[in-house]
Amino acid sequence: MFDKKIKKNLTSVLFVCLGNICRSPTAEAVFRHKAAHEGLAIDIDSAGTLGAHIGSTPDKRSTAVGEERGYNFKKIKCRKVEVKDFARFDYVIAMDKNNVRALLEICPEEYQHKIALMMSFCDAEEEEVPDPYFGGKRGFEYVLDLIEKASDGLIDHIKARFA
Ligand code: 4NP
């Protein structure tokens with residue numbers, strides 16, 4: 001039954017990181033793949049708090065490790081978080097605590113309950129998805145591992161909420 005409910009009143013998720021070229025596009029691609037696999041119609045997008053890479057495609061290091069595991073980044077373009085996102089999306093999911101702080105600074109009080117940390121949706125040793133931008137390939141693989149795990153938890157959370 002939850003399937004029908006979600007389709008009628010589409011659940012929406014916005015993933016947020018700093019640049020919107022590494023972690024949040026990865027979360028968008030992974031979560032899109034997992035939601036489709038589960039037959040869940042969810043409105044999914046990603047954005048950054050920085051705005052320095054607007055219009056760019058995701059970082060090649062993110063797409064390389066993601067595509068190796070079958071995720072598709074083709075339609076993703078960098079954009080900055082806008083205040084209207086807080087009204088539009090049911091979940092605004094930040095990759096780290098700095099992103100949460102940046103979001104809270106611009107989020108109207110009535111929508112602040114929508115902001116959550118990505119890693120809060122699973123049991124993991126990490127509280128945050130660490131910024132891989134200045135590191136090597138292993139960091140991008142680790143980010144992908146964490147995002148896959150948290151995405152599974154978010155899928156379960158949404159299923160339970162609409163069951
Ligand atoms: P992201 O990584 O927040 O995961 O997209 C970064 C991308 C760009 C920058 C920092 C982090 N930057 O400083 O340009």
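Start at 1 and go down the list; that is how both ligands and their atoms are numbered. Every heavy atom of this structure was used, including side-chain atoms; hydrogens, water molecules and symmetry mates were not.
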Kindly determine whether R32 and E28 satisfy salt bridge (Lys or Arg N to Asp or Glu O under 4.0 Å), including the steps that lead there. CA-CA 6 Å; R32 220 177 260 293; E28 179 182 342; 2.7 Å; yes
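Summarising the local packing, CD of E109 is surrounded by 12 or fewer heavy atoms from other residues, nucleotides or ligands at distances under 6.0 Å.
Follow the hydrophobic side-chain contacts under 4.5 Å out from M119 and you never reach L14; the two are in separate clusters.
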Below 3.5 Å only, please: the N or O atoms of ligand 1 paired with protein N or O atoms, distance on each line.
from: ligand 1; atom 1: 2 (O); to: D131; atom 2: OD1; distance (Å): 3.4
from: ligand 1; atom 1: 3 (O); to: L18; atom 2: N; distance (Å): 3.0
from: ligand 1; atom 1: 3 (O); to: G19; atom 2: N; distance (Å): 2.8
from: ligand 1; atom 1: 3 (O); to: R23; atom 2: NH2; distance (Å): 2.9
from: ligand 1; atom 1: 4 (O); to: R23; atom 2: N; distance (Å): 2.9
from: ligand 1; atom 1: 4 (O); to: R23; atom 2: NE; distance (Å): 2.8
from: ligand 1; atom 1: 5 (O); to: G19; atom 2: N; distance (Å): 3.4
from: ligand 1; atom 1: 5 (O); to: N20; atom 2: N; distance (Å): 3.2
from: ligand 1; atom 1: 5 (O); to: I21; atom 2: N; distance (Å): 3.0
from: ligand 1; atom 1: 5 (O); to: C22; atom 2: N; distance (Å): 2.9
from: ligand 1; atom 1: 14 (O); to: H53; atom 2: NE2; distance (Å): 2.7

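K114 places a side-chain N or O within 3.5 Å of a backbone atom of F89 that can act as its donor or acceptor partner.
Sequence neighbours left out, the pairs with a member in residues 43-69 that pass salt bridge (Lys or Arg N to Asp or Glu O under 4.0 Å) are D43-R88, D45-R79, D59-R61, E68-K137, R69-D145, R69-E148.
Here the OG-CZ distance, from S151 to F15, works out to 5.5 Å after rounding to the nearest 0.5 Å.
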